[in-house]
Amino acid sequence: MPALPQAALSVLLDRCLPVLAADSSPETIAAKSHPHCTLSVRLGMAITSPCLASELAACVQQPCSAAHIQQALCALTALPLHRSAAAAKPGCFGEQHVGTALLLAYLCAPGGRICLPDSPAPAVAWRFVEAMPRIAGMLAALAGDSSIAAGRLEDICFMLQVAAAALLMRLPNFRSDSQLAAWATACDAVICLAPTLLQLHERRQPQEPGRQKALRLSHSLVLLLTQASAAANHIGKKHAATGDTPAADKQLVRQLWALHTSMCRLVAWLAADPSGGRAAVLPAELGPRPVFLLKGLSHLRYMLLMEGGCAVGEGLFR
Amino acid sequence: MAALLQQFGLLDRLLGTAELDARLAVQFHAACSAIQGCARLLDRLPLQHSDAFRLCSALALVFGTGTRLLRRDSFTSDPQPATVLKRLDSQLAAAAIVLHQAANPLRQPEAAAAFVRTAGRPQAALSWLLAVSQALLWVPVDLGSARSEPYANCGKDMHASSRASPWLA
């Protein structure tokens, strides 16, 4: 079925994007005369279903064409998120934009096989990574807005998790410090979604606290801690070899510490819940207790503090 | 509910070999609406494994007959875009919610595993998605009513969300 990714991309790029580019107001997007944007959200829901992931990855034989990737980039840099629109017209926000961009991210990066002729291979994937904190921030801001159906926000949360798992887990080794910084910020944003996920779920099902939670943090959490540790290790070794810590590295260390702090807050948030309901946002594979998080955290802390000598730790305090 | 869900299997067998005339197409779209309704109802209730499995099985109807209908609409007849879109919407709404809910390993591990194991089921889903994408491509974009100012509203309120701690709520 190699035609499917191409056809789905074509729907997004040739049908949805021209509409979004011409007028991104919520009224126009929801208009009946060009329903592609609305339908593409459902198309995205169906395509990103985890039960189709392996089949879909198998049918992606070739990387996307450069033209497609350029269009996707334009869409991304202009990704409008309508918090003001949600205020002006209750129930409206840029879910179609977000859904389109996330589906693009998912389709463009199966296996991380993205190529642009003139730039480092995963450049586009990194742009998607850079957009993630914005999307996560919007979801968190909108979660308390009762005029927006919780189900619609859950859909976007779900797609963000799927795209984050595809991108954050499959990206090849970090090529530059700015990429590592973008990666750490995206991971941080995805982790900070935990209370939002719980809030959305409770808004929808207040009467059934014991029901199996549909929305969880992605299991890329674990991999993310390992990779953060590896990054800290890398900085430490570089520092040991050269004897000084450049400004860029200090920034990186700061971001890794911020990630570490968010993780700590997640653990504290989980531990401060007597009923145990909060643990439901953790991935099922990892069990109900945040022990794995503590292990990963201590490893990251060790790498940040010890491996590279004091200079890596100092980066935090300067 | 179980009895209703089993009807979709019967309808699938009935439509699987039949010549799809207008009367049967109406039945099919009614079934899509019913599948969507069942999925939405079960979304509100504690979903039993057996019901999740039956919902997944009901997708065979959408994938099989739906693909045939979409191909027929796109290639042999000449319907109005509005008609195509209405039909697309009914199929997409039914399948998207079931794929997201009953066939989702995060929610229903057993039913999702059964869905993936069933011979040809994921392949049928991909064929159907291809037919849906092609039907969507067949409908032209009407930019007549859209303003010409590109990305007029982009990024206006992007940075309004402060980094207030989400953990305190």
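Order of the sequence lines fixes the chain letters, A, B, ..., with proteins taken first and strands second; residue numbering starts at 1 for each chain.
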Output a table of donor-acceptor pairs, distance under 3.5 Å, between side-chain atoms of residues 58-65 of chain B and any protein atom two or more places apart or on a different chain; print 'none' if there are none.
none

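- The main-chain N or O of L15(B) is found under 3.5 Å from a side-chain atom of R68(B) such that the two form a donor-acceptor pair.
- In this structure, the side chain to side chain donor-acceptor pair (under 3.5 Å) partners of Q255(A), at least two apart in sequence or on a different chain, are T185(A).
- With sequence neighbours left out, D51(B) forms a salt bridge (Lys or Arg N to Asp or Glu O under 4.0 Å) with R54(B).
- We find the SG-CZ distance between C32(B) and R87(B) to be 11.5 Å, quoted to the nearest 0.5 Å.
- Taken to the nearest 0.5 Å, the CG atom of L70(B) stands 10.0 Å off from the OG atom of S133(B).
- Contacts of residues 88-100 of chain B with chain A at a heavy-atom distance below 4.5 Å involve L88(B), D89(B), L92(B), A93(B), A96(B), L99(B), H100(B), listed in sequence order.
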